[in-house]
Amino acid sequence: MAEATNATGRSSAAEPGQPELKRAIGPKLLLFFVVGDILGTGVYALTGQVAGKVGGALWLPFLIAFVVAFLTAFSYLELVGKYPRAAGAALYTNRAFGVQFLTFMVAFAVMSSGITSASSAAIAFARTYLQQFVTVPVTLVAVLFVVLLALVNFRGVAESVKANVVLTCVEVSGLVIVIGIGAWAVLNGDGEPSRLTQVDTGDSGWLLAITSATALAFFAMVGFEDSVNMAEETRDPVRIFPRAMLTGMGIVAVIYVLVAVTSSLLLSPQELAGAGSGALLKVVQVGAPGFPLWVFSLIGLFAVINSALINMLMASRLVYGMANERIIPRVFGLVHPLRRTPWVSIVFTSLIAVVLVSFVDISQLGGTTSLLLLMVFAIVNVAVLVLRREEVAHEHFRAPTAVPVLGAITCAYLASPLSGRSWGDYRIAGLLLLAGLVLWVINWLVGGRRKTEINPESLTG
């Protein structure tokens with residue numbers, strides 16, 4: 001294979017004096033990484049809220065969310081094939097548009113989505129799964145959960161993709177339990193199939209009910225884009241990424257749709273919505289009264305902890321990377337001399353998470369996460385078309401032109417108010433991005449209004 005080029009147009013080989021990252025990830029490990037990265041807080045915590053928006057046809061928003069994510073995945077596959085580097089959306093935005101401020105805002109939006117995702121996991125942990133073991137104040141536990149994540153983050157966490165295989169198996173097992181219970185109940189004559197086609201239109205009409213539910217359900221499909229950051233550690237990424245990513249997303253989609261069908265068969269939309277973040281626990285309780293709930297709760301705890309930790313690690317490293325590029329104040333790039341971790345960026349991202357878990361509902365956190373990433377995905381879908389004018393020396397995957405066009409349109413639509421999205425999502429996302437703008441301006445003023453050239457590859461930390 002011809003030598004790939006990096007974000008600056010140079011060879012993707014290591015810089016002089018620096019070894020390349022070890023390419024230890026093959027097709028199977030990459031497949032597990034994709035599946036494990038998508039599974040987690042979304043379906044465990046937000047199934048009830050999605051049911052409250054759409055009604056008995058709970059499976060439909062998850063299916064549509066998969067289709068939208070699938071379209072965007074084709075754009076990521078083309079771009080990671082052209083530029084197999086660990087920088088993701090920031091790299092593609094920078095190469096396509098060359099606007100440093102836009103690159104920064106895309107990176108900051110991705111960072112913010114990690115914080116809102118981790119915050120929703122913290123609330124699910126405190127409000128739902130931990131309550132099966134001990135009754136505790138939700139907000140206090142959610143705050144302590146964030147603090148504990150910060151301490152683990154500060155100490156330093158090195159998770160290999162081989163460990164991710166175990167984590168993924170545990171997370172999948174919880175959802176397989178739900179599906180199995182549903183199948184057993186249906187075989188025994190329980191369940192109400194007629195609910196599967198019922199859409200609760202309310203006062204807004206069926207289309208708005210479906211799209212508003214899809215805008216929230218999309219939170220359950222995010223995560224696949226993180227796998228592009230493993231490109232430099234994957235053997236022959238140009239060849240194996242397409243099959244691994246698309247197969248992994250397909251597996252997750254099947255699991256999610258089956259979980260949604262099971263939930264609707266066993267419980268009414270009102271019951272699911274009333275259970276909130278504990279909807280799947282309620283499904284297990286109704287479908288298999290003799291099943292020990294503590295087992296499923298333990299799996300749920302594990303799923304949300306894993307999701308939250310990964311997201312907070314990503315968020316703090318993005319802030320650290322931006323500080324190193326001097327596009328936010330350099331203090332955020334300080335590294336602890338003993339732990340060798342970016343302690344200021346860890347404190348900063350953790351404080352934001354503490355504020356969010358203290359004052360924002362979990363459905364708005366999930367909605368804000370999907371909003372931020374839908375905006376980023378819309379930009380990536382446009383970037384892939386812009387970058388068609390830039391040729392590379394090696395063969396790579398190329399998406400049909402209609403796919404990124406449809407991806408950009410659907411992502412932009414689901415991110416817009418036309419989808420029925422809550423205005424609270426825009427308020428929270430706006431405040432987070434405003435914080436990024438403030439940091440940018442402060443750095444611009446303190447730095448003597450010096451023009452900063454961003455190297456997107458460093459934003460992964």
Identify the heavy atoms of A308 and A118 that sit nearest to each other, and give their distance.
O-CB, 3.7 Å
Please verify the inter-ring angle class for Y92 with Y83; under 30° counts as parallel, over 60° as perpendicular, anything in between as tilted.
tilted
List, one per line, each side-chain donor-acceptor pair under 3.5 Å for residues 283-300, sequence neighbours excluded.
residue : atom : partner : partner atom : Å
S297    : OG   : L293    : O            : 3.0

Got F219 and S120 here, is their nearest side-chain heavy-atom distance under 4.5 Å?
yes
Could you give the distance from CG (L373) to OG (S117), rounded to the nearest 0.5 Å?
8.5 Å
For the side chain of S345 and the backbone of S316, is there at least one donor-acceptor N/O pair under 3.5 Å apart?
yes
I352 side chain near L356 side chain, heavy-atom distance below 4.5 Å
yes
Does the side chain of L280 reach to within under 4.5 Å of the side chain of L175, using non-hydrogen atoms?
yes
Is the backbone N or O of V261 less than 3.5 Å from a side-chain atom of S264, with the two atoms forming a donor-acceptor pair by type?
no
Which heavy atom of A89 sits nearest to which heavy atom of V106, and what is that distance?
CB-CG1, 3.9 Å
When rounded to the nearest 0.5 angstrom, what distance separates CG in L414 from OG1 in T410?
6.5 Å
Residues which pass side-chain hydrogen bond (donor to acceptor under 3.5 Å, both in side chains) with T128, listed by chain and number, not counting sequence neighbours
S277
Closest heavy-atom contact between Q364 and S422?
NE2-OG, 3.8 Å
Would you check, one step at a time, whether the test side-chain contact (heavy atoms from CB on, under 4.5 Å) holds for M221 with Y256?
CA-CA 9 Å; M221 282 304 303; Y256 280 178; 3.9 Å; yes
Restricting to pairs with a member in residues 408-434, which pass salt bridge (charged side-chain N to carboxylate O under 4.0 Å, His left out), not counting sequence neighbours?
R421-D425
Take T369 and T116, measure what side-chain hydrogen bond (donor to acceptor under 3.5 Å, both in side chains) needs, and give me the verdict at the end.
CA-CA 6 Å; T369 302; T116 53; 2.7 Å; yes
From CA spacing to verdict: side-chain contact (heavy atoms from CB on, under 4.5 Å), Y413, L374
CA-CA 9 Å; Y413 175 75; L374 281 165; over 6 Å; no
Can you check whether F125 reaches I305 side chain to side chain, under 4.5 Å on heavy atoms?
yes
For the residue pair F74 and F397, does the interplanar ring angle fall in the parallel (under 30°), tilted (30 to 60°) or perpendicular (over 60°) class?
tilted
Salt bridge (charged side-chain N to carboxylate O under 4.0 Å, His left out): pairs with one or both residues in residues 57-79, sequence neighbours excluded:
E78-R388
Rounded to the nearest 0.5 angstrom, the CG-CG distance for L309 and L149 is 6.0 Å
Report the residues that fulfil side-chain hydrogen bond (donor to acceptor under 3.5 Å, both in side chains) with S263, sequence neighbours left out, ordered by chain and then residue number.
none
Value rounded to 0.5 Å, distance of CE in M375 from SG in C411:
11.5 Å
Flag, side chain of S370 to backbone of A215, donor-acceptor distance under 3.5 Å
yes
Which residues pass the salt bridge (Lys or Arg N to Asp or Glu O under 4.0 Å) test with R195, not counting sequence neighbours?
none
Distance (rounded to the nearest 0.5 Å) between T72 OG1 and F218 CZ:
5.5 Å
Please list, one pair per line, the donor and acceptor atoms closer than 3.5 Å that link side chains of residues 42-64 to other protein atoms, with sequence neighbours excluded.
residue : atom : partner : partner atom : Å
Y44     : OH   : E171    : O            : 2.7
T47     : OG1  : V43     : O            : 2.7
W59     : NE1  : L196    : O            : 2.8

Could you tell me if the side chain of L437 sits less than 4.5 Å from the side chain of F108, heavy atoms only?
no
Might you work through the side-chain contact (heavy atoms from CB on, under 4.5 Å) test for S75 and F377, ending with a clear yes or no?
CA-CA 9 Å; S75 293; F377 290 171; over 6 Å; no
Judged by atom type as modelled, is there a donor-acceptor pair below 3.5 Å linking the side chain of N94 to the main-chain atoms of A90?
no
Pairs involving residues 282-305, ordered by first then second residue, that meet salt bridge (charged side-chain N to carboxylate O under 4.0 Å, His left out) (sequence neighbours left out):
none
List the atom of L371, the atom of A429, and the distance in Å for their closest heavy-atom pair.
CD2-CB, 3.8 Å
CG-CG distance between L418 and L208, expressed to the nearest 0.5 angstrom:
9.0 Å
Under 3.5 Å, which donor-acceptor pairs link side chains of residues 186-194 to any protein atom two or more places apart or in another chain?
residue : atom : partner : partner atom : Å
N188    : ND2  : W184    : O            : 2.6
E192    : OE2  : S194    : N            : 3.4
E192    : OE2  : S194    : OG           : 2.6

Hey, could you give me each pair passing ring pair (Phe, Tyr, Trp, His ring centres under 6.0 Å) that has a residue in residues 261-283? Not counting sequence neighbours.
none
Would you name the heavy atoms of A315 and I115 that are closest together and state the gap between them?
CB-CG1, 3.8 Å
Pair L372, T368 - check side-chain contact (heavy atoms from CB on, under 4.5 Å), show working.
CA-CA 6 Å; L372 290 165; T368 303; 4.0 Å; yes
If we ignore hydrogens and angles and just use 3.5 Å, is the side chain of T247 paired with the main-chain N or O of A244 as donor and acceptor?
no
Is it true that a side-chain atom of S350 and a backbone atom of V347 form a donor plus acceptor pair closer than 3.5 Å?
no
Just so I know, are the side chains of V335 and Y320 near enough to count as touching, which here means a heavy-atom distance under 4.5 Å?
yes
List the atom pairs, donor and acceptor, that lie under 3.5 Å between side-chain atoms in residues 139-148 and the rest of the protein, sequence neighbours left out.
none

What are the two closest non-hydrogen atoms of G182 and T262, and how far apart are they?
CA-CG2, 3.3 Å
Under the 3.5 angstrom rule, does the side chain of Y129 hit a backbone N or O of L281 as a donor-acceptor pair?
no
How would you list all residue pairs meeting salt bridge (charged side-chain N to carboxylate O under 4.0 Å, His left out) that involve residues 119-140, not counting sequence neighbours?
R127-D361
